[in-house]
Protein chains: 2
Amino acid sequence: MVSQRGEGETTTTPAEAADKERARAIPEAAVARLAVYLRVLSGMAESGVTAVSSEELSQAAGVNAAKLRKDLSYIGSYGTRGVGYDVEVLVSHIERILGLTRNHSVAVVGIGNLGHALANYGGFPGRGFPVTALFDVDADLVGIPVGGIPVNHIDEITEVCLEREVSIGVIATPPPAAQSVCDRLVSAGVQCILNFAPVVLQVPDNVEVRKVDLAVEMQILSFHVARRADEAASVSVGNNGLGVDGMVIRP
Amino acid sequence: MVSQRGEGETTTTPAEAADKERARAIPEAAVARLAVYLRVLSGMAESGVTAVSSEELSQAAGVNAAKLRKDLSYIGSYGTRGVGYDVEVLVSHIERILGLTRNHSVAVVGIGNLGHALANYGGFPGRGFPVTALFDVDADLVGIPVGGIPVNHIDEITEVCLEREVSIGVIATPPPAAQSVCDRLVSAGVQCILNFAPVVLQVPDNVEVRKVDLAVEMQILSFHVARRADEAASVSVGNNGLGVDGMVIRP
DNA sequence: TACCGCTTGTGAACGCATGCACAAAGTCGG
DNA sequence: CCGACTTTGTGCATGCGTTCACAAGCGGTA
């Protein structure tokens, strides 16, 4: 890493400028873990813990200690050798890296069971994600507030999103509507989308999509159930020559 | 791959036995994609499509064609060179690999907003995952059916799970309750858990946990919003020497 | 001040996953 | 029956992510 940076002649602080430089280089997988560390650290801060070692923190976050240190090294070195990390410092630093210093306005599209649940979270867990707009096609739902936010008709999506500066769109519609909703969000300037519909969305390169697919999650678990069942069977039956010839079964 | 297998002297068919052998070797990432392919293929089958090439399927699934072929090769070669894949054959084969030939009984714990949404899906999307039990601590909820399934008190979790042969447990409780619920599910013999609570669960090695963490998803998106904002700023401002020195910004 | 023990930060090795490129294998038309 | 064309299946190289192992650095102590 060269990490060479010039004279911070911008409106941002030098520290922030340095952050931005690093931000490019953080692996996607590490970003996801940083969010987890942040939650654990916040919990510790509330409990009055002021310092933590990589070993403790990694255990609480369920990862390898070396990996945790490497993840933290991506965002700069803020630990003290021989001591550990200052919880407060780490929390605010991760928050800055993850962009949690600003609020991100969220719009939820599709006020069915899931949409209701999302709207009722009332500002997403962990804060900083106020839900500012709800949309649905069903005219009967329009106007009635859910979780304190009124529902707009989906045709108003562009105006409302622009007006309320929505930066994250959440798609909780039935599958057939998802792509159309996605397109409308994109044309309303939304560049980040969280998709709950079991559909592969087609988007331009400049839009970031993350998907949460319950069916896929269930099927992955199903795969493991089946695998376990098979292993158990081939152990308990044991009257065949199958599954041997040097196969290693994890203990 | 050696793929040498003996005389299938079991109750299962030779084809199934062969599947089980392969199942061990499938990379986790590929399993997730197989579930996606399955959904796309099911849609095609309903539309009357009978054959598909790796190119078409990969595009519909949003992945590289070579990767798709490699994924399919993990589960055995069922395509015809020069032609492509038979949709029906592929569907039933992936279903077998993912263990979807059996039903997997699902229990949902925590009947809040999210729990309601999950219960009301009424058998999970894609089928094969009947929700057979609901649990909550709140005595007021007990007995009242949600989505046609009565709610049991959480203290009954062990008996009910054993009785109804629950193979997948879904945790939709508030964070503080999650670990306790998880422990009870495990002691009721549940080996696969889908966790919606923002908590790192501690489980024995023989239990498979997958987590869906909305806060983390939002924060990853937030990170990308921030990154975009920075890039836009450094382009539009352009009065500093930052962010240059050979840095490649993706087009 | 000099030493000792502890913890960070990171270079280097390893392993997994992705993508390329091509041979093998099949179909279709003549 | 043969040759041209199409598409699969896979060996190989590349890149990313994880893990190991250790030097560098810091606080505490005599």
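Proteins come first, then strands; the chains are lettered A, B, ... in the order of their sequence lines, and each starts at number 1.
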Compare the minimum distances between each of C:dT10, D:dT18, D:dG9 and the side chain of A:Ala29, then state the nucleotide with the smallest one.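 Given the options C:dT10, D:dT18, D:dG9, the side chain of A:Ala29 is closest to D:dT18.
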Only one of B:Leu201, B:Val199, B:Leu114, B:Leu194 clears side-chain contact (heavy atoms from CB on, under 4.5 Å) with B:Ile171; which?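 Result: among B:Leu201, B:Val199, B:Leu114, B:Leu194, B:Leu201 is the only option passing the side-chain contact (heavy atoms from CB on, under 4.5 Å) with B:Ile171.
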Could you state the [atom1]-[atom2] distance from [X] to [N], rounded to the nearest angstrom?
X: B:Glu55; N: C:dC20; atom1: CD; atom2: P; result: 11 Å
X: B:His93; N: D:dG9; atom1: NE2; atom2: P; result: 11 Å
X: B:Leu68; N: D:dT10; atom1: CG; atom2: P; result: 14 Å
X: B:Leu57; N: D:dG9; atom1: CG; atom2: P; result: 12 Å
X: A:Lys67; N: D:dT19; atom1: NZ; atom2: P; result: 4 Å
X: B:Arg81; N: D:dA4; atom1: CZ; atom2: C1'; result: 18 Å
X: A:Asp71; N: C:dT8; atom1: CG; atom2: P; result: 14 Å
X: A:Lys70; N: C:dC14; atom1: NZ; atom2: C1'; result: 12 Å

Is [X] close enough to [N] that one of its side-chain N or O atoms is under 4.0 Å from OP1 or OP2 there?
X: B:Tyr74; N: C:dA17; answer: no
X: A:Tyr85; N: C:dG9; answer: yes
X: B:Ser54; N: D:dT8; answer: yes
X: B:Asn64; N: C:dA17; answer: no
X: A:Arg69; N: D:dT18; answer: no

4.5 Å side-chain heavy-atom contact, B:Met218 and A:Val106: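 Yes, at least one pair of side-chain atoms sits under 4.5 Å.
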Any A:Tyr37 side-chain heavy atom under 4.5 Å of A:Val63 side chain: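 Sidechains of A:Val63 and A:Tyr37: in contact.
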Taking A:Arg39 for its side chain and B:Val216 for its backbone only, find out whether a donor-acceptor pair lies under 3.5 Å.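 Not a single qualifying donor-acceptor pair exists.
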Fit a plane to each ring of B:Tyr78 and B:His93, take the angle between them on a 0 to 90° scale, and name the class: parallel (under 30°), tilted (30 to 60°) or perpendicular (over 60°).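 Because their plane-to-plane angle lies in the 30° to 60° range, the rings of B:Tyr78 and B:His93 count as tilted.
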Taking for each residue the nucleotide of DNA chain C with the nearest heavy atom, is it A:Val83 or A:Ala66 whose nucleotide lies nearer the 5' end?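 Its nearest nucleotide lies further toward 5', so the answer is A:Val83.
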